[in-house]
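First up is the structure itself, then whatever we jot down about it.
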Protein chains: 2
Amino acid sequence: MNKAFKALSDPTRRKILELLKDNDLTAGEISECFNISKPSISHHLNILSNAELVLRDKQGQHVIYSLNTTALQDILKWTFDFVEGGNKNENKN
Amino acid sequence: MNKAFKALSDPTRRKILELLKDNDLTAGEISECFNISKPSISHHLNILSNAELVLRDKQGQHVIYSLNTTALQDILKWTFDFVEGGNKNENKN
DNA sequence: TAAACATTTAGACAATTATCTAAATATATA
DNA sequence: TATATATTTAGATAATTGTCTAAATGTTTA
């Protein structure tokens, strides 16, 4: 889960995930959405993949990236436990 | 929200939040839970406070820290939109 | 008021990170 | 097979970050 939090701490990577929420995209299509070099985007995609936040599917010379919500579900659960359970001073029974 | 994600990307800071889930604690009590110097813990607490993840309450010479779920609610919502809305290939109607 | 205690600030340093360019790899096509 | 295209790898560099020690600040109490 540490990998996922680290991966999400960068705004570029979060924006990549938001792009993939609408459509699966190739590495090239993703890089076109940023003023950042392709190798840098590739690096970000690698971090997202390592954190199990995206999936790769090689189709010929293209690599199609898609969302993988596995790690996000853990984060959702972790976060929810704070927002939901945050009443320690209200019900001390 | 960027500050919050950045703040959450460090394991020590996430552990601090988990400690505060159970009890409000002073800076000193928090630092006792780690093999890290007090100034370093103070630095982490500052980052958490800046990200609106904790609240400070100065009581005499002690500073009591408590959870602030404000920023976590934003993160929860952001994350939920992926886990919940991640069905773009299933219902294209 | 002086001493003890709690916390933060200041400044330094090593490790990590985001970025770049150049080169390598892999695939498709003329 | 040669060339063009898509992507990643390698290596360098500047900025950021987590940590430390020493010092400063603020508060309590003897």
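Sequence lines set the chain letters: A, B, ... in the order given, protein chains first and strands last, and positions in each chain run from 1.
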Worksheet item: Below 4.5 Å, heavy atoms only, C-beta onward: do B:L8 and A:I75 meet side chain to side chain?
Response: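 In short, these two side chains do not touch, never coming nearer than 4.5 Å.
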Discussion item. Within the 4.5 Å heavy-atom criterion, are A:W78 and B:L17 side-chain neighbours or not?
Written reply: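 They are in contact (side-chain heavy atoms under 4.5 Å apart), so the answer is yes.
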Whole Å only: how far is the [atom1] atom of [X] from the [atom2] atom of [N]?
{"X": "B:E29", "N": "C:dC5", "atom1": "CD", "atom2": "P", "result": "17 Å"}
{"X": "A:I36", "N": "C:dA18", "atom1": "CD1", "atom2": "P", "result": "10 Å"}
{"X": "A:K38", "N": "D:dT5", "atom1": "NZ", "atom2": "P", "result": "11 Å"}
{"X": "A:I16", "N": "D:dT7", "atom1": "CD1", "atom2": "P", "result": "13 Å"}
{"X": "A:D10", "N": "C:dT19", "atom1": "CG", "atom2": "C1'", "result": "11 Å"}
{"X": "A:F5", "N": "C:dT16", "atom1": "CZ", "atom2": "P", "result": "21 Å"}
{"X": "A:H44", "N": "D:dT8", "atom1": "NE2", "atom2": "P", "result": "13 Å"}
{"X": "A:N35", "N": "C:dC20", "atom1": "CG", "atom2": "C1'", "result": "14 Å"}

Would you classify [X] as touching base, sugar-phosphate or nothing, given that sugar-phosphate means primed atoms plus P, OP1 and OP2, and contacts are heavy atoms under 4.0 Å?
{"X": "B:N46", "answer": "nothing"}
{"X": "B:S31", "answer": "nothing"}
{"X": "B:H43", "answer": "base"}
{"X": "A:Y65", "answer": "sugar-phosphate"}

Discussion item. Return the CG to CG distance between B:D10 and B:L48, rounded to the nearest 0.5 Å.
Written reply: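 It comes to 8.5 Å.
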Discussion item. Working to the nearest 0.5 angstrom, can you tell me the gap between A:S9 OG and B:K6 NZ?
Written reply: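 Rounded to the nearest 0.5 Å, the OG-NZ separation comes out at 6.0 Å.
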Discussion item. Under 4.0 Å, heavy atom to any atom of DNA chain C: which of residues 56-63 of chain A qualify?
Written reply: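 DNA chain C contact set from residues 56-63 of chain A: A:K58, A:G60, A:Q61.
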Worksheet item: Any idea which of C:dA18, D:dA22, C:dT7 is nearest the A:R13 side chain?
Response: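 From the listed options, C:dA18 comes nearest.
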Which pairs of donor and acceptor atoms, one on a side chain in residues 50-58 of chain A, lie under 3.5 Å apart (sequence neighbours left out)?
unit_1	atom_1	unit_2	atom_2	d
A:N50	ND2	A:N46	O	3.2
A:R56	NE	A:Y65	OH	3.0
A:R56	NH1	A:S49	OG	3.2
A:R56	NH2	A:N46	OD1	3.3
A:R56	NH2	A:Y65	OH	3.2
A:D57	OD2	A:Q59	NE2	2.9

Under 4.0 angstrom between [X] side-chain N/O and [N] OP1 or OP2:
{"X": "A:S42", "N": "D:dT7", "value": "no"}
{"X": "A:S37", "N": "C:dC20", "value": "yes"}
{"X": "A:T26", "N": "D:dT7", "value": "yes"}

Worksheet entry | Hydrophobic cluster membership, A:L20 vs A:I64, 4.5 Å side-chain cutoff |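 Not linked; separate clusters.
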Worksheet item: Which atoms form the tightest heavy-atom contact between A:I16 and A:H44, and what is the distance?
Response: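 The pair with the smallest heavy-atom distance is CD1-CB, 4.1 Å.
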Worksheet item: When you match A:P39 and A:K6 each to their closest nucleotide on DNA chain D, which lands nearer the 5' end?
Response: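 It is A:P39, whose closest nucleotide lies nearer the 5' terminus.
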